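Below: one structure, written as structure tokens.
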Number of protein chains: 2
Amino acid sequence: MNRTNAGAGVNLLALRSHNAALVLELLRLAGPPGITRLELAERTGLTPQAVSKITARLRSDGLVTEAGRQASTGGKPRTALRLVPGAGHAVGVHLDRDEMRLVLLDLTGAAVAERRAALDLGAGAAAVVGTAAREVGALAGVLGEGAARSSVLGVGVAMPGPLDHVHGVLQRVTGFPEWDGFPLRDALARRLDLPVVLDKDTNAAALGLAVGSEGGSFAYLHLGTGLGAGLVLNGAVHRGARTGAGEFGHQVVQLDGPPCGCGGRGCVEALCLGAVARGAVDEAARVLGTGAANLVALLDIDLVLLGGRTVASDPDRFVRGVGTVLDARARREGVCSPVPVRLAPGGPHLVAEGAAQLLLAPLFGRAEG
Amino acid sequence: MNRTNAGAGVNLLALRSHNAALVLELLRLAGPPGITRLELAERTGLTPQAVSKITARLRSDGLVTEAGRQASTGGKPRTALRLVPGAGHAVGVHLDRDEMRLVLLDLTGAAVAERRAALDLGAGAAAVVGTAAREVGALAGVLGEGAARSSVLGVGVAMPGPLDHVHGVLQRVTGFPEWDGFPLRDALARRLDLPVVLDKDTNAAALGLAVGSEGGSFAYLHLGTGLGAGLVLNGAVHRGARTGAGEFGHQVVQLDGPPCGCGGRGCVEALCLGAVARGAVDEAARVLGTGAANLVALLDIDLVLLGGRTVASDPDRFVRGVGTVLDARARREGVCSPVPVRLAPGGPHLVAEGAAQLLLAPLFGRAEG
DNA sequence: TGCACTTTGGCAACAGCGTTGCTTAAGTGG
DNA sequence: CCACTTAAGCAACGCTGTTGCCAAAGTGCA
């Protein structure tokens with residue numbers, strides 16, 4: 001359940017869905033081999049009987065099924081339970097600078113289908129919404145027209161910020177002033193007659209990476225044509241009240257440094273991309289590492305994941321360079337185990353998959369934060 | 001309730017205490033004038049009847065009492081409810097470099113008594129624990145020996161980090177290696193036979209400031225002999241898994257800048273305090289503002305509060321200087337309303353009061369994060 | 001092959017939560 | 001004085017997780 005803000009009173013209905021979501025989340029983490037009722041009971045702190053009742057409900061709803069038995073330990077063997085992949089689907093749309101990537105995920109988060117299309121933001125809102133709607137329709141078409149089709153929970157859309165994920169409104173699309181303040185979520189929702197959720201690309205990526213990992217905190221640093229971050233704190237994507245969190249590119253790491261396109265001076269993004277343009281990848285990694293170290297120290301992050309086209313152009317050097325800075329900083333602070341740096345897994349569909357996870361998340365108790 | 005980690009299953013007992021805590025939190029926010037049952041129902045989302053039952057329990061527990069009636073709006077006037085201040089107390093201890101400050105708070109967070117004592121960390125753990133225990137005993141003595149005395153929930157201790165608030169163990173006390181790894185919480189708890197909670201001074205300050213404000217996110221920047229931060233995200237103190245969050249002083253804002261005592265270069269703390277030492281307060285404020293702007297952008301913070309002896313020496317210039325940097329950054333990013341900067345309220349007892357709040361917080365549903 | 005033992009997991013009864021429907025209490029206003 | 005309005009408790013209820021019990025389904029030794 002959630003924070004102590006307004007309307008956080010919990011009645012029996014809320015309790016039920018909370019516990020059901022908790023069980024679903026553990027089932028999702030368990031993956032195809034499944035998890036037994038007694039393990040669920042142990043991990044939730046609920047009694048085995050409560051878990052039996054909850055899983056019985058989930059089974060009769062078609063979300064969960066039995067999946068064989070485990071080896072006996074001297075008595076009746078435990079029955080494994082697992083998610084029914086086809087019980088729910090979600091579409092994820094990644095609107096990037098020049099192309100649109102779409103994925104269709106099942107309940108377990110596995111990609112069922114993918115699509116790509118060219119994207120021209122200059123064509124205006126109506127055209128883009130139309131294209132997106134057509135692509136979503138075509139993608140969902142693989143499910144046929146029966147129950148599978150109606151299992152689509154909705155569409156998640158991820159794109160570069162700034163935007164407002166609460167209201168689903170774009171604030172600004174650099175280079176295309178006609179998009180200022182466009183209510184993309186509602187426009188697409190009306191067109192598709194499906195729930196739509198809008199979020200920043202970096203947040204979607206972070207959510208995609210957070211799925212399948214328990215609790216923990218990490219930062220996803222995306223270095224492509226720009227530099228941004230997605231933050232996961234205690235297992236939840238941290239967006240801030242205005243979806244502004246993760247603005248990492250214009251962190252100043254060199255007071256009165258070289259000017260940046262944003263009007264500031266000494267921004268990480270400018271220093272980083274400038275170095276890359278000069279072919280000084282190691283220097284770029286060192287700058288990125290400095291920003292990452294600031295972030296890690298400020299938030300006590302467990303893990304740093306790197307991604308984006310620029311990183312992908314020389315992944316090892318970036319990972320090594322950032323790691324070196326973090327290690328040095330950790331050693332100075334007397335921390336025993338430095339924060340690990342890794343290349344973000346997931347490949348080119350990471351953002352689209354994360355966008356789809358925006359709709360799956362509520363099922364598994366990951367509230368929108 | 002909390003995150004989806006382990007043991008987050010919610011049974012009826014947990015539900016009851018959650019809703020009770022929610023009601024208590026609203027009663028605390030309402031302060032002396034109190035709040036009516038129907039308002040509580042509206043704000044919690046529970047039915048009036050549920051609130052009646054919950055408040056009846058709280059009244060029979062002695063935590064809540066009726067406090068007059070509101071003006072009628074044409075029918076039976078609503079009855080206001082308020083906390084019973086004396087129903088619970090908590091002691092807060094602030095261990096600073098050279099002195100120890102203690103406060104005794106009642107359930108509403110009001111200071112009932114205060115004490116000060118000299119502190120010599122060089123005297124060793126046993127001596128300090130002894131002094132602290134005596135001071136706590138003397139402070140609690142004002143409650144007499146009856147029910148009031150037994151209403152003391154425990155003792156919160158706040159001191160400079162690094163430390164581990166989960167295990168209540170100090171990691172390092174700069175200048176006094178004999179304190180490395182000292183289990184202060186357990187030592188004091190055994191001595192006092194009371195629950196003890198340990199946290200960083202900046203976190204305690206942030207908690208103290210968070211009490212009485214709803215939801216929201218803010219950063220408390222403390223500039224004294226060092227520079228640290230306390231972060232409150234969505235109404236909860238963000239500590240990180242290792243109580244490391246808020247390490248703000250050694251954020252690098254000038255790559256390869258002047259060396260800092262920590263071994264790094266271009267840390268905010270070194271630049272800031274260096275400027276202050278040179279009498280360049282405006283420059284110090286500008287540097288602090290740069291770090292603050294980084295933090296605000298990264299986390300989408302609503303408010304920045306400044307405190308600490310150095311800030312107190314020229315508060316207006318610091319507030320103005322930091323505000324200028326934040327405003328400029330906000331304007332560049334096209335944000336309509338810049339993040340406000342204010343002097344932290346609360347005075348010299350802020351940290352000690354926050355330390356005491358560490359024990360009151362669970363009653364009001366503010367889980368330890 | 002049979003029986004004792006272990007372990008799983010459903011059934012039934014139960015306590016306790018918030019909810020609903022209703023009644024009583026305590027005001028206002030004509 | 002009485003009709004009306006609003007607050008808040010009482011009683012019955014549905015639903016939650018819990019407890020106690022028992023059938024089901026294995027293992028392992030005689």
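Protein chains get the first letters and strands the later ones, always in sequence-line order, with residue 1 at the start of each. All of these numbers come straight from a predicted model, not from anything done at the bench. What you see below is based on every heavy atom in this structure, not just the backbone, and it leaves out hydrogens, waters and symmetry mates.
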Residue pair A:L46/A:T73 against DNA chain D: nearer the 5' end by closest nucleotide is A:L46

Measure the spacing between CG of B:L198 and CG of B:L358 and express it to the nearest 0.5 Å.
8.5 Å

Roughly how many Å is it from CD in B:Q49 to P in D:dA11, rounded to a whole number?
11 Å

Ion pair B:E25/B:R43, N-O distance below 4.0 Å:
no

Using a 3.5 Å cut-off and no angle test, enumerate the donor-acceptor pairs between side-chain atoms of residues 77-85 of chain B and protein atoms at least two apart in sequence or in another chain.
none

Among the nucleotides D:dG9, D:dT16, D:dA7, whichever has the atom closest to the side chain of B:L12 is D:dT16

With sequence neighbours left out, what residues match A:A361 under side-chain contact (heavy atoms from CB on, under 4.5 Å)?
A:R366

Reckon B:T36 touches a base, only the sugar-phosphate, or nothing at all at heavy-atom distances under 4.0 Å?
nothing

With a strict under 4.0 Å distance from non-hydrogen atoms of chain A, what nucleotide opens and what nucleotide closes the contacted stretch of DNA chain C, reading 5' to 3'?
C:dT6 to C:dT19

Does B:R59 have any salt bridge (charged side-chain N to carboxylate O under 4.0 Å, His left out) partners at least two apart in sequence or in another chain, and if so, which?
B:E66

Considering only nitrogen or oxygen atoms on both sides, find all protein atoms under 3.5 Å from nucleotides 24-26 of chain D and state each distance.
| from | atom 1 | to | atom 2 | distance (Å) |
| --- | --- | --- | --- | --- |
| D:dG26 | OP1 | A:R69 | NH1 | 3.0 |
| D:dG26 | N2 | A:G74 | O | 3.0 |

When rounded to the nearest 0.5 angstrom, what is the spacing between CG in A:D199 and CD in A:Q357?
13.0 Å

Provide, to the nearest angstrom, the distance between the CG atom belonging to A:L22 and the P atom belonging to D:dG17.
11 Å

Rounding to a whole Å, what distance do you find between B:R78:CZ and D:dT5:P?
16 Å

Closest-nucleotide ordering on DNA chain D, the 5'-leading residue of B:E66 and A:P48:
B:E66

Nearest-0.5 Å distance, NE2 of residue A:H18 to CG of residue A:L13:
14.0 Å

Set of residues satisfying salt bridge (charged side-chain N to carboxylate O under 4.0 Å, His left out) with respect to B:D300, sequence neighbours excluded
A:R242

May I ask you to say what B:L13 touches in the nucleic acid, namely base, sugar-phosphate or nothing, with a heavy-atom cut-off under 4.0 Å?
nothing

Interatomic spacing from CG in A:L46 to CD1 in A:I54 - rounded to 0.5 Å:
5.0 Å

Start at the 5' end of DNA chain C and walk down; is the nucleotide closest to A:K53 or to A:T79 reached first?
A:T79

Does A:N19 have a side-chain nitrogen or oxygen under 4.0 Å from the phosphate oxygens OP1 or OP2 of D:dG17?
yes

